[in-house]
Amino acid sequence: MLSVENLNGYYGPFQVLFNVNFKVERGDMIAIVGSNGAGKTSLLKSIMNIELRKEGRITFEGKDITKLPTYKIAKLGIFYIPDTGGLYHGLTTLENMQLAAGRRTIDIDRLKEIYPEIDALLHRPADKLSGGERKIVSILRSILVETKLLLLDEPTEGVSPIVTEEIYKMLKKLNDEGKTIIVVEAGSRLKAALKYVGKIGVMRAGKLEYFDTTEKALKDLELLKKLIFI
Amino acid sequence: MSVDRRGFIKTLGAGVVGLAVGAVLGWAAKPLEVREVTKTETVTVPGVVERKLPKATVKIGVLGIRSGLWSTYGEFIEQGARLAAEEINAKGGILGSRVELVFRDELADVVKQAKELVDVEGADFIIGIDSSGNAMKVGGIVSELGKILVVTHAATHRLTEELVYKEGKKLIFRSSVPVYQDGTLAAYIAKDLPVRKWAGINGDYEFGRVSWELFTKTLKALRPDVEFVVDQWPKFGTEDFTPFISALLASDAEALFTSIWAIELVTLQRQLTIMGGYKKFRAVISTLGYSMDVAYSLGTDYPTAELGTWVSARYMWPYPPTKANKDFVDRFKARWGRLPAYSAETTYSAIYMLKAALENAATLDPDILIKTLEGLVIMTPAGVRWIRPEDHQAIYEVPYGRIVHKGAEVPLLEDLKAVPAMLYYRHPPFT
Amino acid sequence: MDLTPFLTQIFIGLYKGSLYWILALGLVLIFGVVRVINFAHATFYVTGSYMMYTFYMYTGNFILSLTMATLIAGALGVAFEVAVIRRVYKLETIYQLLATFAIALIFNEAQKLVWGKGVVYIPIPEALREGVSIGGVTLNYYMILIMVIGLLLFIIVILFMNNTIMGLRIRAVWRDPVMSEALGVSTRLIYTLVFFVGAALAGLGGALTVPLISVGPGLADYLIVTAFIVVVIAGLGSITGAYIISVLVGVLSSILVLITPELDIVILYMIAAFILLLRPQGLFGER
Amino acid sequence: MSLSSRLKGLVNGNTVALLLLIAFLAIIPLTGHRFYMYIATLIMIMGMFAMGYNVLFGYVGLLSFGHGLFFGAGAYSTALFTLKVYSDPLVGVLITVPVALLTSIIVGVLTLKHGKVYFAILTLALSMIFWSALVKLRWLTGGTDGLVGIPKRGVFVDVSGPIVTYYFILAFFAVIMLGLYILNKSRYGLLLRALGANEDRLPFLGYSTFTLRMVALTISGTASALAGSLYAVFYSVVTPDVAYWTFGAEPLIMTLIGGPSYFLGPLIGALIFVPLTTVVARFAEYWMLLLGIALLAVILFFRGGLLGFLESLSRELKLGVYRRWRF
């Protein structure tokens, strides 16, 4: 579905991604972990064509998206959620939802299926939500459009373990419904991620050092920890 | 002012002379020594043969505002200068030498332009200059330039009173009337109007301030019963006068004095009309109201107050009604397709002043030319100009007139009131 | 004490404030959304004025001329955005500023080549020539019209921004262009749209003033400077703030003319600087 | 090989260029051509202004729209001092140093606490207040007509001849250029440039951002004020125009033309800008049009300025000459 080939990424004169290669199949749920500054966020941004300059080739459903402007990539069905959640301060939850939905009407019942307590949040400004609520709302936005691939940057950062579980369950549910998901996580979340995802990748210093199924990864756990924490 | 002014007032009685005899009377009213100077001017030099200038071309550097909002003024200067040069060259030049003009934009650092005119272009004279500030700047370095400067528009009295008279910068001359026209003469018009309470709106810069000061002082002296109830000071470049106008209208003034000029005056007059100013003010004096850019812009919309919209300029094409002037207006119109604005005439005449001096002296030596120009009397479109030796100010008459509409493209003037220039000019020693 | 003079000054101030507002609105939109401080705003204003004059001279139809002037100024805004601004979005602020400054210089002179150096104006529409007279000051219907248009624009913009998808998208781009792109919003389109609206508004302001203020090259400069002061005091990017401050600045400067004719601009600059020193983000701005 | 490379290290491109330029300026009066002297004087004055400006812009990365304030403060303090207190041009110029220090500190305290965008807006606002005060305080400043007759002949020095004026200004020019050069080479200069490059990292090194910026502003303001002061002496006239923001933007334009990341960039900019406007002004009405087009071309195509363009050119040719002109 998504393939990344020989990807090099730069911020100004600084190279942040080094020859990254991987493939994502339809229905995958993937976690990419790594320490701070390993290039995880840059990887997602380069897929979305945000900010950095890049070399290499990225295709999505057979279409070359390397040079497409961000909004066109989004329109192909890739939904990106930055680590902040990307909600607009000053806009209400509903307005944030509407923004993602565009001219489509918002199907509240569908939202309730995934997250029953949504009603209470709809008319509150996004900056008045708790950290967990923000993360949830930001994910819920993805089901308002025909999302095929969901890119999440540290969806559980700064969130309590209970909410982390809740978020992962929600993601799993979306994955079961057929959405392909790539989650980027800090090293400390490795264990939580391993419980839900099917494939795991490890980044270090701008390189994708490891990429395999969870089963395999569980066997290589020591290696993974080494890659992440050293 | 000088001691003998009171004497003039007595001699002239009313001080205001009719249109037809204005020029003649004004001429007659000039002090005796002036007429003596005339003689030296009229003395031709039959004995000398082969009088020639040391150069085949006399170069005149012309400064004016040629960019930005006020560039119409530079255009007038250019048209006046070109007409004069073309005429002179068509008649064989000055003592055989051709007149060549070089134009520069005074807004592009006037001192730099002046120096470039002299040092690079080799100009023998510098004329023009619209802004008073720029005239003072060039005036300040004139001895360094070593060439004669004839200012043809900038009106600050400091140029001639301070730089020439007090500081002795003898290279400076001025062919146009100074701010006395705007301040002092306006008071002579105002004193005969049956109104007592005056309002003023003037630019918040030297020229506006001095105009109002001269106007109020003179009028108070002529008519002690008048009052000045409100004055407003919009800054240079004001595009909307509505708050100032409503402040004027909120007073109990019966008449309005303004020295606002050019584009700003067009807006001021229109907004005054719109806001009911012409219902309130029985008379309006606009010191530069008959500048041709304003007259053309307002055209048939030029508002007229009950007791008249009294306007003047540094020269107005209908005055004086001499053949010389009529011919000039016709030639100008034929050449440029419009009536001459004042700075066109003052620049035109400045070149003829230089021509007269050059023909008399037959040299380009500034010191000799200064002596020749001092006291020079010359017939110009605006009438007879006398260059006062002490301050190098050209003295000639420009009347005030009342705006009337006679179906022409531009409004015309009626009731032209001329006052001899010597009467209302300030005189040495300018105390 | 007779309060009539103050009333008339307030009225005049409201009219002037409405003019500032029409200009400030375009500046706020362009700065807020596109993050470009647009020195060329006066260009659009003057274009509106000259277009109004030109169309009126040919057709004599006020409404038609007003519409055309507004649209042409808007179109010029689009051309400007596409040809110049788009190339400098990613550069430092200073280059954007200078680009708009350069454009302002070029257009100022180019307009002179087309329309000459003199001033132009058109008459006030027949129906609006009279006015209400208070204490000797005529409060012209045309000035009242400008106030009404200002107020209507405020209501329309607020309703548009809060109740339409496009308004929502503009607000989204305003706050976070990157995220908006990720949500499938074309920021490029929004930028162009905002430039169109901002330039059209400036053109409308310019067109509306031709009957009242004569127009010549560069004559809008002071108006634009005041509009900038308004935007800065209000806080770069606050629409409601810009409206309130426009009107306040209009009224205040108008009353200052009455009480301290000597010092009006100094006081205005001082107030602006004082507010900025206390709240650099402006009265209504967020940091 | 080792000797020549050591020589290269010693003979920095900037040193040679600066000394050559000063030497060149010193012989211009020998041509006896007053207009060249005039242009050269303007280049020196505007060059000082731009070089001073760049201490803030190019080194520390702060964009000021209010440098007309410093230039104007210098010009007016010299004018007022020589006209009303003590009639001597040398003392009149020197008096601007304390005035500039004071002005810089006041401006700095008011503006430096906020971010870069606010610094630009606040400096603009302060300079406009200063300008409107110059216009309005007519009894002191002469209003829009300014102050006339600033003396060239004084108790200590007499610079009334054009050649004397020229060398008087050249002396100040040389001193200020060498001062700025020493600053640039010093540890302080390095710190200031480091601050411009990365303001987040510096506090860890034990330096307060505020203090460093204040130092840069003071140096920049003093150089600008001295330029203004010499301008007043040179013209004998000052008008409020010199404090207007458009005048204050001229050093910025010169800096961009020359290249802000080169020590001599602003001076090279002045060297181009001053004669260019002189030539272009001959097209009378269209000179502002041409200025606009030139500016737009610089922004769209030559953002490194002339030196940046030359550097990339020499890199293309594998010469690397102009790299040594960088800070």
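Convention: sequence-line order gives letters A, B, ...; per-chain numbering from 1.
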Is it the backbone or the side chain of B/D293 that comes under 4.5 Å from a heavy atom of chain C, or both, or neither?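 Nothing of B/D293, per the 4.5 Å heavy-atom cut-off to chain C.
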B/L298 versus chain C, heavy atoms under 4.5 Å apart: side chain, backbone, both or neither? both
Looking at C/T4, C/L212, C/T8, C/I124, which makes the most heavy-atom pairs under 4.5 Å with chain B? C/L212
Applying salt bridge (charged side-chain N to carboxylate O under 4.0 Å, His left out) to B/E213 and B/R209, what does each step give before you reach the verdict? CA-CA 6 Å; B/E213 191 191 317; B/R209 295 273 169 187; over 6 Å; no
Run the salt-bridge test on [X] and [Y] with the 4.0 Å N-O cut-off and return the result as yes or no.
X      : Y      : answer
B/K280 : B/D252 : no
B/R282 : B/E306 : yes
B/R270 : B/D301 : no

C/Y15 versus chain B, the contacting section by heavy-atom distance below 4.5 Å: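 Contact with chain B is through the side chain of C/Y15 alone.
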